[in-house]
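In listed order, ligands and their atoms are each counted from 1. Please read all numbers here as calculations on a predicted model, not as lab measurements. For this chain, numbers begin at 1 and follow the sequence in order.
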Amino acid sequence: MTPDVVVAGAGAGGLACARALGALGLRVLVLDRQRTPASIAKGEILQPETVRILDSWGLLDALRATGARPVGRLAIRDPAGEPLLCLDYAGLPGAYRQILCADYGDLRRVLTDRLPPAARIRWGARVTGVLRDSDGRIGGVRFVADGAEQEIHAPLVVAADGMSSPLRRGAGIAVRRQEYPHGLVAFDVAGADVAEEVSAYRTGRGLCLVYPLPGGRCRLYAQVTPDEFRGRVDLGALRPAARRRAGDPPAGRGAAREPGPAPTARGLPAAQRAPGRAGARARRRGRPRGAPDGGAGRQQLPR
Ligand SMILES: Cc1cc2nc3c(=O)[nH]c(=O)nc-3n(C[C@H](O)[C@H](O)[C@H](O)COP(=O)(O)OP(=O)(O)OC[C@H]3O[C@@H](n4cnc5c(N)ncnc54)[C@H](O)[C@@H]3O)c2cc1C
């Protein structure tokens, strides 16, 4: 079958494209280099308009069933947890007045499982370049699957193969990328009872972002200097630094309950994990749970 559309990449962008074009009756083939879709710490905060679109596609209930967490507020706070700016989503017009915090893996799964019949995905197919017709127009892609280079023709080719997009490069489309002068380390903290809020703390070390995730977890992003974790192979030496970022609670201090399982520092090997626990004292003071307030919250979050 010659598809009408080839989409390179089965991330949220490629899958949404396949969903929308497939619903128009177009035959869509999505190619993704991953053999099995990986879960990555990104794309977790879904804004109300995204939620509305997912609902219009009949996907919202399935996403909610994964435990996606509704959140009504986005706040920028100082290290003590005092609000500098609060966006209360309840004040939005219309029916969609909440953020949904979901796993990116779950979102991809929900999109994948409910593609229209006219759209299909081929995993383990790495797109290597574009095919051009005699006029120079792109009319398909070259890809490698099962160890063999193959070609597929289609009148429309969509490059949804990520930020670096080899396909975009192959098509000769230039972008000017500007790197941030810092990096972010993502921690997946289990057993963290954080507020139903996306909290962005403006700390002495830069951004610290916290929000709830399915399964009683929370995401914690901590700003780091670009090379802070790069090329570190001595895991033992790295552990204190990782603990400082996530906060290493001194034994017994400010803890209302036992710490949950160790959080996973995404992008760091498992041995670089640091413990996490809910900011019970911060909650008692009326600040959002987990606030880096110098009490239990500070133990959890960097300053
Ligand atoms: C740390 C971080 C946090 C973020 N948080 C949020 C957030 O909270 N909310 C939000 O809305 N957005 C967020 N974003 C942005 C969001 O994740 C991206 O906009 C979104 O993932 C883009 O989707 P995509 O499908 O275009 O690309 P991707 O998700 O990168 O997917 C690209 C796909 O292409 C595949 N691919 C790559 N190369 C090839 C190839 N040669 N051949 C075939 N397949 C290939 C990959 O395997 C992958 O599956 C975040 C981004 C980052 C980095």
Query raised in the report: Do Gln47 and Tyr96 pass the side-chain hydrogen bond (donor to acceptor under 3.5 Å, both in side chains) test, and can you show the C-alpha distance, the side-chain angles, and the key distance before you say yes or no?
Result: CA-CA 9 Å; Gln47 296 288 345; Tyr96 300 89; over 6 Å; no
query: Are Lys42 and Tyr104 side-chain neighbours, meaning at least one heavy-atom pair lies under 4.5 Å?
result: yes
Under a side-chain separation threshold of 4.5 Å, the hydrophobic residues clustered together with Val141 are Val6, Leu29, Leu31, Val127, Val130, Ile138, Phe143, Ile152, Val157, Leu167
Connected to Ile76, directly or through other members, by ILVMFWY side-chain contacts below 4.5 Å are Leu84, Leu85
Ordered by chain then number, the protein residues lying under 4.0 Å from ligand 1 by heavy atom are Gly9, Ala10, Gly11, Ala12, Gly13, Gly14, Leu31, Asp32, Arg33, Gln34, Ala41, Lys42, Gly43, Glu44, Ile45, Tyr104, Arg108, Ala125, Arg126, Val127, Ala160, Asp161, Gly162, Tyr221
Rounded to the nearest 0.5 Å, the CZ atom of Arg69 sits from the CD1 atom of Ile99 at a distance of 13.0 Å
For residues 147-182, the ring-ring contact (aromatic ring centres under 6.0 Å, His included) pairs (sequence neighbours left out) are Tyr180-His182
